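Notes follow the structure.
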There are 2 protein chains.
Amino acid sequence: MKRTTITQVAKEAGVTIGTVSHVINGTAPISAETTERVRRAIKALNYIPNATAKSLRSKKNYTIGLMLPNLNNSFHSKVASAFIDKAYIEGYSVQIHGYEYSLERERRELERLERNNIGTVIIFNGYGDEREIKNFLQKGIPVILADRSSTIAQVPHIKFDNHKIMLDIVSALQKKGYQRIGFFSEPIQLTNLKERFQGYQEALKKCGLSFNPKDVFVRDDLCLDNLKNGYRYMRDILSINEKKTLPDAWIASSDLLAIGMMRAMHECGYQIPADFGVVGFDNTEISGYVNPRLTTVEQNQILLGEKLMEMVKQINCDKKSVENISLEQSLVIRESC
Amino acid sequence: MKRTTITQVAKEAGVTIGTVSHVINGTAPISAETTERVRRAIKALNYIPNATAKSLRSKKNYTIGLMLPNLNNSFHSKVASAFIDKAYIEGYSVQIHGYEYSLERERRELERLERNNIGTVIIFNGYGDEREIKNFLQKGIPVILADRSSTIAQVPHIKFDNHKIMLDIVSALQKKGYQRIGFFSEPIQLTNLKERFQGYQEALKKCGLSFNPKDVFVRDDLCLDNLKNGYRYMRDILSINEKKTLPDAWIASSDLLAIGMMRAMHECGYQIPADFGVVGFDNTEISGYVNPRLTTVEQNQILLGEKLMEMVKQINCDKKSVENISLEQSLVIRESC
DNA sequence: TTGAAAGCGGTACCAG
DNA sequence: CTGGTACCGCTTTCAA
């Protein structure tokens with residue numbers, strides 16, 4: 001009924017538990033003969049070591065806590081998928097916690113991670129959690145920030161280069177003849193969006209376009225249900241405003257938002273890219289399969305997942321010299337602008 | 001540097017560790033005064049109990065292992081997201097393991113779950129793992145099967161009703177005037193697909209249509225990268241065959257497959273729904289935003305996630321009377337047929 | 001090369 | 001009500 005324990009194996013093999021432990025972990029030279037007997041006992045009893053006990057005693061821990069908003073958009077789910085895949089190869093397990101864009105909930109979940117005795121913590125986006133992060137560091141639990149830059153020393157981050165890409169987008173749009181470029185985005189709280197917003201303003205300036213606060217379209221609900229809320233917001237915008245008072249090109253903060261927008265435009269009788277140009281973000285797979293095919297920013301989610309795993313491995317060895325990583329993004333030009 | 005332990009709290013409060021444990025868990029009546037002192041000590045030292053140690057001793061365990069192919073399609077990621085959300089509320093944590101549609105890897109991951117001392121195991125799809133499942137049961141670890149029916153007694157499952165829905169689809173298609181209905185699917189190995197395939201054949205019969213093996217389009221690569229591979233396969237099909245030799249309506253085994261197919265048809269100059277009717281599966285959010293909007297089967301992923309959590313709670317109490325659950329699916333008719 | 005024993009951080013039982 | 005203590009399953013000295 002119960003799991004077999006190291007004690008049972010030891011009894012079966014006629015040795016002490018210490019010896020069993022040594023043959024399993026190779027932590028002491030054990031005679032071939034004894035090793036063989038222990039191996040046989042392990043097989044016979046179908047013994048699988050209890051990682052809980054092991055981690056309690058050894059203080060080592062191969063589970064990673066992954067904090068992210070949720071798995072509802074393909075950006076996060078792709079990264080998570082790639083990360084889990086790598087983690088498997090490296091022998092780590094990953095616990096996923098979703099904070100649903102709520103600061104309070106993020107804090108609670110972080111506490112649960114600590115409770116669960118997690119070995120390494122990865123936080124995607126998030127904000128206002130400096131105290132919790134410092135708490136982890138104090139207790140010797142390494143933290144990595146993802147898709148976000150960090151203000152805390154000792155906490156490495158990995159993110160995309162948001163300045164350069166905004167310039168690429170704006171100048172590409174300008175080259176195509178668009179004159180006014182709108183910024184359509186979920187609330188600009190997370191550092192990656194802040195950077196994009198900054199980059200957007202800088203890019204306008206560099207391209208000789210003027211920044212107009214009226215071209216910034218942000219609504220709170222845009223971070224949840226991207227598709228639906230992007231659609232609704234754009235319908236609202238189009239029903240209230242005349243076309244000529246609006247930007248003629250739009251940079252959306254995600255592909256789903258962009259796709260929702262495009263449907264609203266389509267339903268209101270506008271043509272894309274003739275009436276409005278649209279640029280998405282993420283290059284989710286679907287973006288190449290909608291009509292018109294969406295121009296978007298390629299963010300290599302798989303690469304992000306992989307690099308993240310590399311950082312975890314590094315930070316679990318050195319504990320020190322882990323470099324921040326900035327990943328390139330590139331514009332994938334298709335039909336929507 | 002280190003985490004504070006119950007011993008430190010006890011010392012700070014001037015009591016023994018047993019007493020601290022009791023005030024935390026309410027396992028014995030402790031005077032208001034002492035309780036207060038302990039509480040203060042906990043606060044002062046920022047003490048968070050170590051769930052690892054707790055679980056080792058108490059044999060209780062609030063982490064759930066979720067085995068699924070991966071998080072790359074929105075069906076699994078939505079369910080996972082909803083499930084994680086519920087788990088949070090109920091105080092559970094969830095470890096996610098992806099087996100990437102590989103039997104060997106599934107087995108390895110299941111072993112890792114056992115090693116990690118998981119409390120409850122949920123397996124999505126999967127096959128050929130009876131031995132491993134029985135092993136869990138033997139060790140007293142409850143297993144729940146999701147999106148799959150089970151042949152093992154004591155192992156409850158939750159899945160969608162695949163027979164009724166296939167009849168709904170086929171008769172709806174027939175009513176619209178389609179004559180030959182194709183079945184476009186990833187390999188028919190998983191029980192949910194088996195049931196759909198069976199349901200498809202039964203439905204044809206009931207509707208007076210004949211089943212033709214040539215109308216079944218299955219390719220191994222279709223379970224990965226649905227969008228791309230659905231697209232490619234359909235391009236291949238259309239380039240090799242004349243339209244009149246093909247079905248005039250298609251039931252795809254997922255929305256992404258359907259969307260990929262539609263793009264291929266579009267590029268080959270065919271109109272949907274005039275030349276071909278297409279029905280998807282999953283009602284992923286995106287399916288209502290593509291052109292033409294996809295007719296599909298609504299599978300309530302959030303409901304599935306929630307019900308799954310309910311099953312976990314039940315199975316952790318009774319250990320016995322957990323009922324199988326069969327969820328309704330419904331056809332969402334939009335523009336693609 | 002192996003055995004013996006001390007914990008890791010908790011829980012749970014028994015005394016008092 | 002509270003203290004004392006054995007013990008969960010394993011790792012890790014220390015001796016022999």
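Convention: sequence-line order gives letters A, B, ...; per-chain numbering from 1. For clarity, every value in this text was computed on a predicted model and none was experimentally measured.
From one end of the helix from C/dT1-D/dA16 to C/dG16-D/dC1 to the other, with five pairs defining each end axis, the axis direction shifts by 40° (rounded to 10°).
For the pair B/Asn50/A/Arg115, no side-chain contact is recorded, criterion being any heavy-atom separation below 4.5 Å from C-beta on. Here the side chains of B/Asn70 and B/Leu68 are not in contact, with every heavy-atom distance at 4.5 Å or above. The shortest distance between side-chain heavy atoms of B/Ile84 and B/Ile96 falls below 4.5 Å.
For B/Arg148, the salt bridge (Lys or Arg N to Asp or Glu O under 4.0 Å) criterion is met by B/Asp129, not counting sequence neighbours. In this structure, the salt bridge (Lys or Arg N to Asp or Glu O under 4.0 Å) partners of A/Glu104, at least two apart in sequence or on a different chain, are A/Arg108. Residues forming a ring pair (Phe, Tyr, Trp, His ring centres under 6.0 Å) with A/Phe124 (at least two apart in sequence, or on another chain): A/His76. Looking at residues two or more places apart in sequence or on another chain, you find a side-chain contact (heavy atoms from CB on, under 4.5 Å) between A/Arg107 and A/Leu103, A/Glu132. Every residue two or more places apart in sequence or in another chain that forms a ring pair (Phe, Tyr, Trp, His ring centres under 6.0 Å) with B/Tyr62 is listed here: B/Tyr92. Under the rule for a salt bridge (Lys or Arg N to Asp or Glu O under 4.0 Å), A/Glu186 has no partner lying at least two apart in sequence or in another chain. Residues satisfying the side chain to side chain donor-acceptor pair (under 3.5 Å) criterion with A/Asp225, sequence neighbours excluded, are absent altogether.
Boundaries of the chain A contact region on DNA chain C are C/dT1 to C/dG9, first to last in 5' to 3' order (nucleotide atom under 4.0 Å from a heavy atom).
As judged by a 4.0 angstrom heavy-atom cut-off over every strand, A/Ser31 is placed among residues touching the sugar-phosphate backbone only.
At least one donor-acceptor pair under 3.5 Å links the side chain of B/Tyr99 to the backbone N or O of B/Gly126.
For the salt bridge (Lys or Arg N to Asp or Glu O under 4.0 Å) condition, no pair includes a residue of residues 14-26 of chain B, sequence neighbours left out.
Using a 4.0 Å cutoff on non-hydrogen atoms, no part of residues 109-117 of chain B comes near DNA chain C.
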task: Using a 4.0 Å heavy-atom cut-off, write out nucleotides 8-16 of chain D from 5' to 3' as B (base contacted by protein), S (sugar-phosphate only) or - (no contact).
output: BBBBBB---
